[in-house]
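Notes follow once the structure below has been shown.
So you know, we letter chains A, B, ... as the sequences are listed, proteins then strands, and number each from 1. For clarity, every value in this text was computed on a predicted model and none was experimentally measured.
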Protein chains: 2
Amino acid sequence: MFWLFRMPEPAAKVTVMSNSSIPDIVIGRLPIYLRALNHMIQEGKEYTSSHELGGRLGISSAQIRKDLSHFGEFGKQGTGYNLAYLSEQIRHILHVDHQWPVAVVGVGDLGHAIAHYRGFASRGFRVACLFDNNSDVIGEKIAGLSVLPMEQMSTEIQRQGVQVAMIAVPAEAAQLVANQLVQAGVKAILNYAPITLAVPPGVHVQYIDPVVHLQRMTYYLKP
Amino acid sequence: MFWLFRMPEPAAKVTVMSNSSIPDIVIGRLPIYLRALNHMIQEGKEYTSSHELGGRLGISSAQIRKDLSHFGEFGKQGTGYNLAYLSEQIRHILHVDHQWPVAVVGVGDLGHAIAHYRGFASRGFRVACLFDNNSDVIGEKIAGLSVLPMEQMSTEIQRQGVQVAMIAVPAEAAQLVANQLVQAGVKAILNYAPITLAVPPGVHVQYIDPVVHLQRMTYYLKP
DNA sequence: TAGATTGTTAATCGATTAACAATC
DNA sequence: TAGATTGTTAATCGATTAACAATC
């Protein structure tokens with residue numbers, strides 16, 4: 001991807017092309033914008049402004065406009081943004097304008113909750129397979145899916161072309177599972193185990209550890 | 001809290017006091033450091049260095065040293081950091097050197113998983129009460145706790161002095177629940193509902209929305 | 001001692017914001 | 001037209017990093 005910058009007057013002959021990628025921190029805000037936009041749509045609204053959106057999210061309007069400007073022009077002066085259009089555009093940017101099949105590894109309480117969660121489909125994801133190493137749950141049907149043994153993981157992930165996985169196993173097993181997922185071709189891992197994973201370049205990892213979030217807040221509280 | 005800065009030579013007479021608070025982004029990394037330090041302790045290690053810690057976490061050693069320097073001097077030249085000591089210090093800084101009672105609102109699949117999670121106790125938290133508005137689950141015993149009706153929430157939170165809560169209700173109910181929690185005196189909310197909450201100043205909110213994390217990764221993937 | 005590593009400074013790098021011409 | 005709001009620029013602000021004296 002490249003960008004064309006306007007040259008200062010008097011116009012130089014060269015055109016500066018930058019392959020500089022979009023900051024990850026900007027990418028990280030797009031899902032938040034998208035969530036809020038869809039929320040507004042459900043409220044029956046048709047348009048919003050960077051000011052209104054920023055007000056809801058606690059983000060400056062300038063930042064929202066700047067973030068969006070990395071990808072194109074989506075608004076109209078005086079009017080703001082058409083919600084349906086902007087939502088569609090962001091879904092396209094984030095590649096969630098279709099459904100990604102997701103593997104879930106670990107079917108304890110948390111894995112169950114993930115498998116049953118109804119909020120994935122409308123936002124670009126579909127739980128496609130479940131794995132566990134516990135023979136008590138292998139074969140069990142959860143949300144219409146049979147829990148498969150770990151031995152079948154690689155085969156099944158490759159068969160379905162799964163690129164995205166969620167790890168919901170105990171911390172002790174998480175790195176091993178991550179290795180197996182990477183081996184199977186998974187490129188994005190959402191890790192619920194409270195441990196930082198080591199993965200090769202090109203594999204993306206995000207973390208969910210409720211305690212990290214809680215500890216971040218207790219710093220500001222009086223015990 | 002204030003900080004003493006070394007004056008340049010020749011020494012000035014005044015002592016500069018700064019009330020500038022520590023950046024929130026620094027606070028946000030401390031729980032990650034703490035998690036890794038405790039992991040190393042469990043591996044039987046006794047010391048680490050900023051270089052080793054940074055290597056594990058994908059963070060520069062300079063950043064780790066800078067972050068810690070906001071709070072004091074915890075290491076020794078040539079040796080590094082004593083793990084038990086640094087862990088204890090960070091626990092103290094984050095106020096997780098004792099257990100915070102936590103209220104959980106919403107006892108669906110996710111609320112069940114949270115209530116059963118064994119990972120809170122060692123890291124400064126204890127699920128102290130569960131609430132729901134569904135009469136099917138009210139009265140049910142989960143992890144030794146009876147699920148209470150929403151009507152008892154405020155009273156119970158105040159009775160136990162709960163300052164920290166987790167919201168695990170559907171998105172439509174989350175803002176209302178947040179309002180009630182704030183009314184009851186809660187100062188920190190971990191929100192699992194996929195919605196940005198509006199809360200008064202002084203109330204802290206953190207978010208866990210797996211889809212936000214997934215969407216952040218799919219941007220980089222080829223569909 | 002020689003090697004290692006801290007804590008801190010200053011420079012660099014990057015992100016956010018204010019401001020405004022353009023224009024709907 | 002008058003009012004509102006975008007997209008973009010340049011300035012500001014803040015975070016990260018490189019480098020090194022101090023010292024264990």
Side-chain angles (χ1 to χ4, degrees), chain A residues 3-9 11 16 18-30 32-33 37 40 45-83 85-86 89-90, chain B residues 3-9 11-12 16 18-30 32-33 37 40 45-83 85-86 89-90 93:
Chain A
W3 305 99
L4 217 56
F5 289 116
R6 239 181 250 161
M7 285 291 104
E9 305 291 322
V16 175
S18 168
N19 69 340
S20 74
S21 59
I22 290 154
D24 183 62
I25 197 163
V26 172
I27 305 302
R29 281 190 293 262
L30 293 185
I32 309 290
Y33 298 167
L37 295 171
M40 289 177 178
K45 292 173 62 70
E46 212 173 329
Y47 286 89
T48 191
S49 65
S50 59
H51 181 79
E52 183 187 43
L53 183 59
R56 288 207 186 201
L57 298 177
I59 289 177
S60 79
S61 60
Q63 178 153 88
I64 290 172
R65 294 197 302 277
K66 186 107 210 308
D67 284 352
L68 296 176
S69 76
H70 284 99
F71 305 96
E73 308 192 354
F74 306 107
K76 222 189 303 196
Q77 286 101 324
T79 316
Y81 302 92
N82 179 290
L83 284 166
Y85 177 72
L86 182 55
Q89 293 298 307
I90 296 181
Chain B
W3 305 99
L4 218 55
F5 290 114
R6 240 182 251 162
M7 287 292 100
E9 306 291 322
V16 175
S18 170
N19 69 340
S20 74
S21 60
I22 290 154
D24 184 62
I25 197 162
V26 173
I27 304 303
R29 281 190 292 262
L30 293 186
I32 309 290
Y33 297 167
L37 295 171
M40 289 177 178
K45 293 175 59 72
E46 213 174 327
Y47 285 89
T48 191
S49 66
S50 59
H51 182 78
E52 183 187 42
L53 183 58
R56 288 207 186 201
L57 298 177
I59 289 176
S60 78
S61 60
Q63 176 153 92
I64 289 171
R65 295 196 302 277
K66 187 104 211 307
D67 284 353
L68 296 178
S69 76
H70 284 99
F71 304 96
E73 308 192 354
F74 306 106
K76 223 191 299 198
Q77 285 103 324
T79 314
Y81 302 91
N82 178 291
L83 284 166
Y85 177 72
L86 182 55
Q89 293 299 308
I90 296 182
I93 291 165

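- Applying the 4.0 Å criterion to OP1 and OP2 of C/dT5, one finds that B/S50 has every side-chain N and O outside that range.
- Here the nucleotide nearest the side chain of A/Q63, chosen from D/dA19, C/dT16, D/dA22, is C/dT16.
- In this structure, A/E73 places its CD atom 11 Å from C1' of C/dA22, rounding to the nearest Å.
- Of the candidate nucleotides C/dC24, D/dT16, C/dG7, C/dG7 has the atom lying nearest to any side-chain atom of B/S69.
- To the nearest angstrom, C1' of C/dT9 lies 13 Å from NE2 of B/H70.
- Of the listed nucleotides (D/dT17, C/dT17, D/dG7), D/dT17 has the atom at the smallest distance from the side chain of B/A62.
- As rounded to whole Å, 10 Å separates atom C1' of C/dC20 from atom CZ of A/R65.
- A close approach under 4.0 Å does not occur between any side-chain nitrogen or oxygen of A/R29 and OP1 or OP2 of C/dA15.
- Heavy-atom contacts from other residues, nucleotides or ligands closer than 6.0 Å to NZ of A/K45 number more than 12.
- Of all nucleotides listed (D/dT16, C/dT6, D/dG7), D/dG7 comes nearest to the side chain of A/Y81.
- Taking CD1 of A/I59 as the start and CG of A/L53 as the end, the distance is 7.5 Å to the nearest 0.5 Å.
- Residue order along DNA chain D, read from the 5' end via each residue's closest nucleotide, puts A/S49 first among A/S49 and B/S60.
- Side-chain atoms of A/T79 lie closest to C/dC24 of the nucleotides C/dC24, C/dT8, C/dC20.
- Nearest nucleotide to the A/K66 side chain, out of D/dT23, C/dT16, C/dG7: C/dT16.
- As a whole-Å value, the separation of B/I25 CD1 from D/dG14 C1' is 10 Å.
- In this structure, CG of A/D24 is placed 13 Å from C1' of C/dG14, rounded to the nearest angstrom.
- Comparing B/L68 and A/P23, the nucleotide of DNA chain C nearest to each residue sits closer to the 5' end for B/L68.
- Checked against B/S50 for a side-chain hydrogen bond (donor to acceptor under 3.5 Å, both in side chains), the options B/R65, B/K66, B/Q63 give a single hit: B/R65.
- Pair assignment for C/dT9 gives D/dA18, based on Watson-Crick or G-U wobble hydrogen-bonding distances that are each under 3.5 Å.
- Between the CG atom of B/L83 and the CE atom of B/M40 there is a distance of 6.5 Å, given to the nearest 0.5 Å.
- Between the CD atom of B/Q77 and the P atom of D/dA19 there is a distance of 20 Å, rounded to whole Å.
- B/I64 CD1 to B/E52 CD: the interatomic distance, rounded to the nearest 0.5 Å, is 10.0 Å.
- With a 3.5 Å ceiling on both atom-pair distances, the Watson-Crick or G-U wobble partner of D/dG3 is C/dC24.
- Summarising the geometry, the separation between CG on B/N82 and P on C/dT5 is reported as 15 Å, rounded to the nearest angstrom.
- In this structure, B/L86 places its CG atom 9 Å from P of C/dG7, rounding to the nearest Å.
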